[in-house]
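Each remark here refers to the structure printed beneath this line.
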Amino acid sequence: MLRQQDVGHRIVVRRIVGIREGRPLFSDALGELVELSETHLTIATAQGRLRVPVAEVHRAKRVPPTRRPTASAVVELELAADEAWPAPVRGRLGDWLLRSADGWTGRANSALPVGDPDRPLPAAVDAIERWYAGHGQPAMVNTPLPLAVPVGAELDARGWTARPLTLVQTVPVATLLSDPHRVSQEGGPAPGGADRDADGPAVVLDVAPSEEWLAVAAGRKGGLPDSARHILTAVARVRFAQVYADGTLLATGRGTVTGQGRWLGLSLIEVTPSARRQGLAARVVRALAAWGAAEGATHAFLQVEQRNTGAVALYRKLGFTTHHTYLTRVAPPG
């Protein structure tokens, strides 16, 4: 059977789904084990999350992974993502990062355990709990999988819970710009930062967010404290995408170039409900990709919850694939 050490790894589960003529009926599921308790196990499959009662499990085992990135590649991308979403309050435990931003988003308010914490693992978790208590907020840890599986096992033993699984997805920038219906670039963004599709309104890229842009971000993230404005703007190379029609803001997005200029980070891609299913999100992504390419970025990344099936489907069509995953772990109430 499975153990806590298997969390974050690819497994196959044969489960009992019924009885016919006195014999059990089986169904197999293949995916990444994201949670294991005494009563249930949860698998992230290609079709979504599957929660299986342990009582229904006939057989389960770890299987060889598909093409997985190396540990160094995961660390590189996680650090580029941290640079693209910079928390205003920061600390360190050896190589580990401690981040706080008035509770605005899990990414900016969680420890990132990559590298060596310069102390035994239990002592490192103790230090995380003290640091966040000192900042008056719950302790959280962002655990990239399977890199941080040992950290996850320690947190399991302490009763930490997990937020929904997040996919870290990547694609070559050139792939984003290869669509025959992409925004026309003529070698780069047009003067004034506006890119126009032949059949739609302009995608305008600005170096700072407008108040309307910020209002959209506030609506999506539940407010906009000063720390949020820092996260959004305190990146050397950043662009804010906007699409207007008849004076109405229809779509937004944010792009950053970090990771020594290699990575284009995409975030806050949003389309108003009345303007959805018109290709605006894809056009915002491609406009930011054109800017990123002009800045020298070769690959794009984004982070999306696996349960957000609409967004996952859109990004799949644009060529994104999952590089790795992570769970945001939350300490139990004190």
With Trp213 via ring-ring contact (aromatic ring centres under 6.0 Å, His included) - residues at least two apart: Phe240

Donor-acceptor contact below 3.5 Å, side chain Asp95 vs main chain Val114: no

Run Leu327 and Leu165 through side-chain contact (heavy atoms from CB on, under 4.5 Å) and show every step you take. CA-CA 5 Å; Leu327 287 170; Leu165 185 73; 3.7 Å; yes

Would you say the side chain of Arg92 lies within less than 4.5 Å of the side chain of Leu97, judging by non-hydrogen atoms? yes

Pro24 vs Arg14 side-chain heavy atoms within contact, under 4.5 Å: no

Can you tell me how far NZ of Lys221 sits from CG of Leu268, rounded to the nearest 0.5 angstrom? 6.0 Å

Please check this pair: side chain of Glu129 against backbone of Ala139, looking for a donor-acceptor N/O pair closer than 3.5 Å. no

Any side-chain to backbone donor/acceptor pair from Arg254 onto Leu232? Under 3.5 Å, distance only. yes

Side-chain donor or acceptor of Glu295 paired with backbone N/O of Gly261 under 3.5 Å: no

CD of Gln260: more than 12 outside heavy atoms within 6.0 angstrom? no

Quick check: is Val238 connected to Ile231 through a chain of hydrophobic side chains (ILVMFWY, heavy atoms under 4.5 Å apart)? yes

Side-chain (Asp118) to main-chain (Leu93) donor-acceptor, under 3.5 angstrom: no

Backbone N or O of Leu30 within a donor-acceptor pair of the Arg10 side chain at under 3.5 Å? no

Partner set under side-chain contact (heavy atoms from CB on, under 4.5 Å) for Arg3, not counting sequence neighbours: Gln5, Asp6

Is it true that a side-chain atom of Arg23 and a backbone atom of Glu21 form a donor plus acceptor pair closer than 3.5 Å? no

Ion pair present between Asp82 and Arg99, side-chain N to carboxylate O less than 4.0 angstrom? yes

Evaluate side-chain contact (heavy atoms from CB on, under 4.5 Å) for Leu121 paired with Val151, printing each intermediate quantity in order. CA-CA 7 Å; Leu121 180 54; Val151 178; 4.0 Å; yes

Using modelled atom types and a 3.5 Å cut-off, is there a donor and acceptor pairing between side-chain atoms of Arg329 and backbone atoms of Thr161? yes

Regarding Thr105 and Trp85, do their side chains bring together a donor and an acceptor under 3.5 Å, going by distance alone? yes

In chain order, what residues pass the ring-ring contact (aromatic ring centres under 6.0 Å, His included) check against Trp131, with sequence neighbours excluded? His135

Contact list for residues 144-169, test ring pair (Phe, Tyr, Trp, His ring centres under 6.0 Å), sequence neighbours left out: none

Those residues that, when tested against Ala289, pass side-chain contact (heavy atoms from CB on, under 4.5 Å) (two or more places apart): Val173, Leu176, Leu177, Leu264

Using a distance-only test with no angle check, is there a side-chain donor-acceptor pair under 3.5 angstrom linking Thr322 and Gln169? yes

Taking 4.0 angstrom as the limit, do Asp126 and Arg158 come out as a salt bridge? yes

Name the residue from Leu250, Thr252, Leu266, Val243 that meets the side-chain contact (heavy atoms from CB on, under 4.5 Å) definition with Val284. Val243

Leu77 with Val171, same ILVMFWY side-chain cluster at under 4.5 Å: no

Among residues two or more places apart or on two chains, list those pairs meeting ring pair (Phe, Tyr, Trp, His ring centres under 6.0 Å) that have a residue in residues 306-334. Tyr315-Phe320

